[in-house]
Amino acid sequence: MRIVLQRVSRASVTIAGRTAGAIERGFCLLVGFHTGDTPDQVDWLAAKVAGLRLFAGADGKMNLGLEDVGGAVLVISQFTLYGDTEKGRRPSFITAARPETAVPLYERFLASLREQGLRVESGEFGADMLVEIHNDGPVTLILERGPA
């Protein structure tokens with residue numbers, strides 16, 4: 001499982017002209033699933049995201065988490081995070097999980113984030129989406145968890 005996390009001042013996702021999800025201060029998560037991903041990896045990364053301290057405290061250091069700042073998360077499924085460009089000019093997505101595997105993992109990830117007490121907005125798995133991200137900082141992290 002791979003996540004591109006961006007700290008945002010605001011972010012939104014639009015599908016077919018309607019806003020499907022929007023947040024103010026928080027994290028925008030672009031999430032991709034690998035063919036061998038498991039529910040345990042999903043839960044581990046949800047807990048990791050919930051616990052990250054990426055917001056500045058009074059001393060200017062990143063000491064505050066989402067809960068401390070009243071933040072939320074916008075989660076966007078993105079199988080292209082597993083695009084392999086080593087050969088040729090067109091990426092191969094052979095290692096990206098197929099929808100029958102990825103959709104239940106995606107739904108579990110959303111539920112696991114909510115169980116962590118986070119406010120969660122999301123796009124729609126497999127939809128053609130327009131994502132607006134106002135990266136704050138900029139702060140961007142790549143989080144990854146392979147099979148144990």
Side-chain angles (χ1 to χ4, degrees), residues 1-55 62 65-148:
M1 183 174 171
R2 186 173 290 159
I3 299 172
V4 175
L5 177 154
Q6 295 186 334
R7 184 181 73 186
V8 298
S9 58
R10 69 179 185 269
S12 64
V13 59
T14 303
I15 303 169
R18 79 172 165 80
T19 300
I23 64 168
E24 294 298 321
R25 193 174 195 193
F27 300 153
C28 182
L29 308 175
L30 306 176
V31 181
F33 298 95
H34 187 270
T35 55
D37 285 346
T38 67
D40 287 341
Q41 290 165 257
V42 169
D43 294 341
W44 188 90
L45 277 167
K48 175 60 77 174
V49 166
L52 286 173
R53 298 182 306 166
L54 298 179
F55 299 93
M62 290 185 192
L66 285 167
E67 185 178 348
D68 301 318
V69 300
V73 294
L74 175 64
V75 182
I76 307 296
S77 64
Q78 190 164 357
F79 76 94
T80 60
L81 291 177
Y82 280 102
D84 181 356
T85 59
E86 190 170 317
K87 294 181 183 177
R89 295 180 183 208
R90 196 179 83 175
S92 167
F93 300 105
I94 193 127
T95 63
R98 305 273 312 145
E100 56 271 14
T101 300
V103 169
L105 293 173
Y106 177 71
E107 290 172 354
R108 182 177 181 122
F109 185 62
L110 296 175
S112 190
L113 289 169
R114 289 182 179 110
E115 288 169 9
Q116 300 287 330
L118 299 178
R119 185 173 73 81
V120 178
E121 297 280 327
S122 67
E124 182 181 312
F125 191 95
D128 186 17
M129 298 177 271
L130 294 174
V131 182
E132 185 176 351
I133 300 169
H134 292 258
N135 193 319
D136 178 25
V139 173
T140 303
L141 298 175
I142 298 174
L143 308 173
E144 203 159 7
R145 181 76 169 185

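In what follows, residues are counted from 1 in the order of the sequence shown.
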Colleague: Which pair of heavy atoms, one from D68 and one from G65, lies closest together, and at what distance?
Modeller: OD2-N, 2.8 Å
Colleague: Hey, are the side chains of V31 and F109 touching, using non-hydrogen atoms and a 4.5 Å cut-off?
Modeller: yes
Colleague: Counting only heavy atoms from other residues, nucleotides and ligands, does the tally under 6.0 Å from CZ of R114 exceed 12?
Modeller: yes
Colleague: Determine whether I3 and K48 satisfy the following criterion, side-chain contact (heavy atoms from CB on, under 4.5 Å), listing intermediate values before the conclusion.
Modeller: CA-CA 11 Å; I3 299 172; K48 175 60 77 174; over 6 Å; no
Colleague: Given V13 and L74, is the side-chain contact (heavy atoms from CB on, under 4.5 Å) satisfied, shown in steps?
Modeller: CA-CA 8 Å; V13 59; L74 175 64; 3.9 Å; yes
Colleague: Distance check, rounded to the nearest 0.5 Å: R119 atom CZ versus E24 atom CD?
Modeller: 8.5 Å
Colleague: If you define the side chain from C-beta out and look only at heavy atoms, does anything of V49 sit under 4.5 Å from Q116?
Modeller: no
Colleague: What I'd like to find out is whether the side chain of T140 reaches to under 4.5 Å of the side chain of V4, using heavy atoms alone.
Modeller: yes
Colleague: One thing to verify: whether E124 and R18 come together as a salt bridge, which I'm taking to mean a side-chain N less than 4.0 angstrom from a carboxylate O.
Modeller: yes
Colleague: For a quick test of reading the model, state the closest non-hydrogen atom pair linking I133 to A11 and the distance between them.
Modeller: CA-CB, 4.3 Å
Colleague: So do the side chains of T14 and T19 get within less than 4.5 Å of each other, counting heavy atoms only?
Modeller: yes
Colleague: Less than 4.5 Å apart, any side-chain heavy atom of L141 and any of L54?
Modeller: yes
Colleague: Write down the atom of V8, the atom of C28, and the distance for their closest heavy-atom approach.
Modeller: CG1-CB, 3.9 Å
Colleague: Atom CD1 in I76, atom CD in E121: separation rounded to 0.5 Å?
Modeller: 10.0 Å
Colleague: Could you pull out the closest heavy-atom pair between Y106 and S122, with the gap in Å?
Modeller: OH-CB, 3.5 Å
Colleague: Has E144 got more than 12 heavy atoms of other residues, nucleotides or ligands less than 6.0 Å from its CD?
Modeller: yes
Colleague: How far does CZ of R98 sit from CZ of F33, to the nearest 0.5 angstrom?
Modeller: 15.5 Å
Colleague: State, yes or no, whether a side-chain contact exists between P39 and L105 at a heavy-atom distance under 4.5 Å.
Modeller: yes
Colleague: Answer whether the closest heavy-atom distance between the side chains of F27 and L66 falls below 4.5 Å.
Modeller: yes
Colleague: Between Q41 (side chain only) and T38 (backbone N and O only), is there a donor and an acceptor less than 3.5 Å apart?
Modeller: yes
Colleague: If only atom types and distance count, is the side chain of Y82 paired as donor or acceptor with the main-chain N or O of M1 below 3.5 Å?
Modeller: yes
Colleague: Would you check if L143 and L52 make a side-chain contact, meaning some heavy-atom pair closer than 4.5 Å?
Modeller: yes
Colleague: For the atom pair CZ (R108) and CG (L113), what is the distance rounded to the nearest 0.5 Å?
Modeller: 12.0 Å
Colleague: Is there a donor-acceptor pair under 3.5 Å between the side chain of R2 and the backbone N or O of L81?
Modeller: yes
Colleague: Has D43 got a side-chain atom pairing as donor or acceptor with A47's backbone, closer than 3.5 angstrom?
Modeller: no
Colleague: If you measure from CZ on R90 to CG on D84, what distance do you get to the nearest 0.5 Å?
Modeller: 12.5 Å
Colleague: Are R145 and D37 close enough for a salt bridge, meaning some N to O gap below 4.0 Å?
Modeller: no
Colleague: Where the side chain of R25 meets the backbone of V69, is there a donor-acceptor pair that is under 3.5 Å apart?
Modeller: no
Colleague: About how many Å separate CZ of R10 and CD1 of I23, when rounded to the nearest 0.5 Å?
Modeller: 11.5 Å
